[in-house]
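Remember, it's 1-based here, ligands and their atoms both numbered in the order they're listed.
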Amino acid sequence: MSTRTTCPYCGVGCGVLATPDAPVAGDPSHPANFGRLCSKGTALGETLGLDGRLLYPRMDGTRVGWEAALDRVAARFSETIARHGPDSVALYVSGQLLTEDYYAANKFTKGFLGTGNIDSNSRLCMASAVAGHRRAFGEDLVPGIYEDLELADLLILVGSNTAWCHPVLYQRIQAARAADPAKRLVVIDPRRTATCQDADLHLALRPGSDVALFCGLLCHLADHGGLTVDPGEALAQARAAVPSVAATAAACDLAEADVARFFAWFAQTPRAVSMFSQGVNQSSAGTDKVNAILNVHLASGRIGTPGATAFSVTGQPNAMGGREVGALANLLAAHLEFDRPGDHAVLAEFWRAPGLARTAGRKAVDLFDAVGRGDIRALWVMATNPAVSLPEGERVRAALRGCEFVVVSDCSALSDTLDYAHVALPALGWGEKDGTVTNSERVISRQRGFMPMPGEARPDWWAIAQVAARMGWGEQFAWSGPADIFREHAALSGFRNDGARKFDISALATLSDAEYESMEPTRWPAPAGGVPTVRFGGEDARIVAVTPRDPVGVAGAAFPFLLNTGRLRDQWHTMTRTGLVPRLMAHRSEPFVAVHPDDTALHDGGLEDGALAELRSAHGLAVLRVCHDPGQRRGELFAPMHWGAALCGQGRVNSAVNRVNDPISGQPELKHTPVALASWEAGWYGFYLSVAPPPELAAWSALIAEPGGVWRQEIAGHGAPEAAFDALLARLEIGAAAPMLRDHYGERFRAAVIEAGRLRSVLFIGRTPTLPARAWLAGMIGAEVPAALRLAVLAGAPAGAEAVSPTICVCHGVDRATIAGAIACGARTLQAVGEASRAGTGCGSCRPEIRALLDAASVLEPA
Ligand code: SF4
């Protein structure tokens, strides 16, 4: 018997079938994915173990019972408010929360603690989209639905590596294009990402110049009779900035012909969709970028009809749910507003909350600044890891360190933020939680529990309600389960709503427990007695005048590169879940910095591929593996944002990221920091493989889960390799108690511990990063090593073996060399590669990389 639930990772919100003792599968009936899943989704079953889980409440690092922990939280929040006022406390929550948890947290904070100080990590993800929607529509409306991506004849992906970050949407787009090859795809992104692989046009624009591009498009449409609405001041400002194609191309650092082609395609194509994501939102001009995009759709009538819209996709599974319940500091619940007359009274009445906060609270970066200054003295962090994810990480960690009282609710014990917790509360994980989430196309789906609650982990809404009761508000938080909360949330959306608020799901306010349990995916709005609206058009929308402005930091002598940060295909957030799944670690297993190969010449050859480099900004630093990538623009770097202290503390790239915010949305500019990149001056590189996770062994280390319960630690340090080797042998007690093979050849040093004929561990050290491939050795850990193979162990590979190449297809474990072999043997299409090697025949997330290998091979073929 399968449980129908939803994937907890990205904002696509795929339906999942979870069946005992079987791999998870996509839900064929779910409207987001119709049975598809990506690599992360297919690996969900591998995240259900209890390794790395926080299972019991802790106070000051010591296990306690829930009663003691809840009493202390309630007492400290009460005392702090009594002494310093409501704004001395705060909650920092997450798009990982279910809507019911989110609703409880927002009601508790704004309604009863009496402060607006609740913000969500969604501030880092799509706050600019929210602000842009509110400016244009007067409310946070996503006008389109996923089907529009398939129906569009021209799809424009702006600041979105869809192939990696929203893979199932990309699969849907690719399927639609395969069925109708006339459909065009334009990708607007400074980087040549996997998403560009199948694009008809890639505009690698200057970072931050999106407003100029879309203002230029507005002018072009005006000049060619392409507008259906007078954009007024928006057009005047656009003309002042980028009056022509040439001016737009210059502003965006693009070829004029490419800009002209894009503008012509848009002007010719009524069914056009612009889908945007973090590349637009994570910017000091993010809100203006959103409105620049919305403007061209509103002014040209390309919105609200099938295949024509502007579409924001969220990063997190329930970012949209958080927006519905108002769990951002500047929002009230149910799309009510702090500054709209009458809204405060409506919410205070519904919640019976006379102390409801009257003003907006602090947004994420500002909130942690206030913690650092001591203005916020009690902080409850829920389902997020700000010690890793916020910009200027060291400043955030210092703020947490100095905070008088920190509560952390999390399902994972691997969150860096737990290091600062006075009280740690164990939360439920995926498979245990029960509630709802809303995806990027406004579809509310049930996330159903199918596993027992482990240890003493409990739902977040329950912990909030328990604390609220201890603080005297038991009556307002007397919920018996998530269905109760959902009904209240749905009823609020319709309360005194005369149609002015489009977010209305009051049709769901009377669901019985059984109906809630079996609820099908439902798109909002769903008003009681009303007709659901599928798409929103631009009837009452505003075209907002925007003008291009540069990002805040510029590259200069001290910091000559611009750093962009983002996500990897197979990882999620700070890796507290995906980082423990070996097959998800196979694609990219270490934190890296991508740099154009020609840029390395600037640094005397010290930045060769595979070496370690120190990335430094005015705010902090990280040490990352150099990865040459011709898809980078010269002078621009990319680094993934995932790594935290549990796997690679020095890979925390957000330590170096600046804290500049969009002035309207408060969203940090995570994609634009001036940095310097220099050799880390490693004296040696190495790796250690064993069955138990080793302690940090070197000045730089990255821990990697390998198949079969094996752990790999990549290591590097300063000084001479031989001295490092001897020191590590002593530290690991290799040779002291166990038989050891030891060898060195040239400047490579290697040791292998074989006990009772089985390989227990290996240590390899060398002066350069060029060391044996790890996969074969990792597979040998725990295996019998016949005498004939002992030399092979020290060599790192059996005689005659070819070097192991990186895994491309994680579903079937197919590496790059195997795919290249299939291509060399005549496979010329994705299908042919799949038939020859199985690569790309699973979830499909790897198909853009296979396409890149096919394209590279075709370039090399004789004409
Ligand atoms: Fe999960 Fe992948 Fe679907 Fe996103 S696209 S919801 S990560 S299965």
Within the 4.0 Å heavy-atom shell around [X], which atoms of ligand 1 are there?
X	value
V168	3 (Fe), 5 (S)
G13	6 (S)
L37	8 (S)
K40	7 (S)
Y9	7 (S)

Is the closest basic N to carboxylate O distance between [X] and [Y] below 4.0 Å?
X	Y	answer
E520	R4	yes
R271	D148	no
E147	R172	no

Any N33 heavy atom less than 4.0 Å to ligand 1: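 Outside the 4.0 Å threshold, so no.
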Protein contact to atom 4 (Fe) of ligand 1 [nearest heavy atom, distance to 0.1 Å]: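 Among all protein heavy atoms, the one nearest atom 4 (Fe) of ligand 1 is C10 SG, 2.3 Å.
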Any N, O or S atom of C7 closer than 2.8 Å to atom 1 (Fe) of ligand 1: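 An N, O or S atom of C7 is closer than 2.8 Å to atom 1 (Fe) of ligand 1, so yes.
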N/O/S from C14 sitting under 2.8 Å away from atom 4 (Fe) of ligand 1: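 Looking at C14, which is the residue asked about, there is no N, O or S atom under 2.8 Å from atom 4 (Fe) of ligand 1.
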Mutual orientation of the aromatic rings belonging to W164 and H587 [parallel < 30°, tilted 30-60°, perpendicular > 60°]: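 W164 vs H587 ring planes: perpendicular.
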Geometric class of the W430/F450 ring pair [parallel <30°, tilted 30-60°, perpendicular >60°]: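 Because their plane-to-plane angle is over 60°, the rings of F450 and W430 count as perpendicular.
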Main-chain N/O of P391 paired to N654 side chain as donor or acceptor, under 3.5 Å: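 Here the side-chain-to-backbone pair does not exist.
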Pi-cation contact, F638 with R191 (under 6.0 Å, within 45°):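 Flagged: R191 positioned over aromatic ring of F638.
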Under 2.8 Å: N/O/S of C38 next to atom 2 (Fe) of ligand 1: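 Coordinating: yes.
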